[in-house]
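Counting starts at 1 for both ligands and their atoms, in listed order.
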Amino acid sequence: MAFYDSEVEVLIDEARLQARVQELGAQITREYAGRDLTVLGILKGSVYFVTDLTRAIDLPLQVEFMGVSSYQGGTETTGEVRITTDVSKPLAGKDVLVVEDIVDTGLTMQFLLENLRARHPRSIKLATLLEKPARARAKIHIDYKGFVIDDVFVVGYGLDYGEKLRNLPFIGRVKGK
Ligand code: IMP
Ligand code: MG
């Protein structure tokens, strides 16, 4: 028994999750060979994905993080995003791989990618563990995608529900939500 057993049901189990992360790591290894790779994780949701994914990439790379917070208008994100933590090194000239937990409406990524392009990286690509296309409000090109999911609220492996349940080793669904 684990603390979450009564409130969460498994959607993507740990074995499937880890196998997919290894596949993405292998693909990124092939496609970035010889490049100056900077992996840019978006706090806090991508932390678990970033640590596993970078260990699955067989290339020299740098890891950076950015923190963003969406201004809420009612219960929906407004697409107006504030940068709360910025990178420690300039991104100009770098091959930047943005790593996100989930693309939901896409509004956060739309803002962030526009902001990052203005910093003149050599290239910019997006890896997301999850995509929820049913709620898309902005068209976002995803280069590396873990799983496409239905319109359900998910937790675990970095994703939270009220700042809790990030530390589940799988992607789950809160029962009754
Ligand atoms: P956006 O709607 O694409 O701008 O997504 C903004 C952020 O909402 C994501 O980066 C997640 O942090 C959060 N989010 C969206 N869907 C879920 C979910 O199902 N569970 C937990 N967090 C979510
Ligand atoms: Mg997030």
- Message: Please confirm whether the ring centroid of Tyr157 lies under 6.0 Å from the ring centroid of Phe170.
- Response: no
- Task: Decide yes or no for Glu163 and Lys44: does some side-chain heavy atom of the first lie under 4.5 Å from some side-chain heavy atom of the second?
- Result: yes
- Item | hydrophobic_cluster_shared for Ile124 and Ile83, side chain cutoff 4.5 Å | yes
- Message: In this structure, would Val152 and Ile12 fall into the same cluster of hydrophobic residues linked by side-chain contacts under 4.5 Å?
- Response: yes
- Message: Please determine whether any non-hydrogen atom of Val81 lies less than 4.0 Å from an atom of ligand 1.
- Response: no
- Can you tell me if Gly106 has a non-hydrogen atom under 4.0 Å from ligand 1? yes
- Message: Between Arg20 (side chain only) and Lys145 (backbone N and O only), is there a donor and an acceptor less than 3.5 Å apart?
- Response: yes
- Task: Would you confirm whether Arg119, through its side chain, and Ala92, through its main-chain N or O, come within 3.5 Å as a donor-acceptor pair?
- Result: no
- Message: A quick test of your reading: do over 12 heavy atoms of other residues, nucleotides or ligands sit less than 6.0 Å from CG of Asp58?
- Response: no
- Query: Nearest to atom 9 (C) of ligand 1 by heavy atom, Asp151, Thr128, Ile102, Val68: which?
  - Reply: Ile102
- When you measure from atom 12 (O) of ligand 1 to each heavy atom in Ile171, Val155, Asp101, Leu165, which option holds the nearest one? Asp101
Would you mind listing which atoms of ligand 1 come within a distance below 4.0 Å of any non-hydrogen atom of [X]?
X      : result
Asp160 : 21 (C)
Glu100 : 10 (O)
Thr108 : 1 (P), 4 (O), 5 (O), 6 (C)
Val152 : 19 (O)
Lys132 : 16 (N), 17 (C), 18 (C), 19 (O)
Thr105 : 1 (P), 2 (O), 3 (O), 4 (O)
Leu159 : 20 (N), 21 (C), 22 (N)

- Cation-pi geometry met for Lys125 and Tyr32 (6.0 Å, 45°): yes
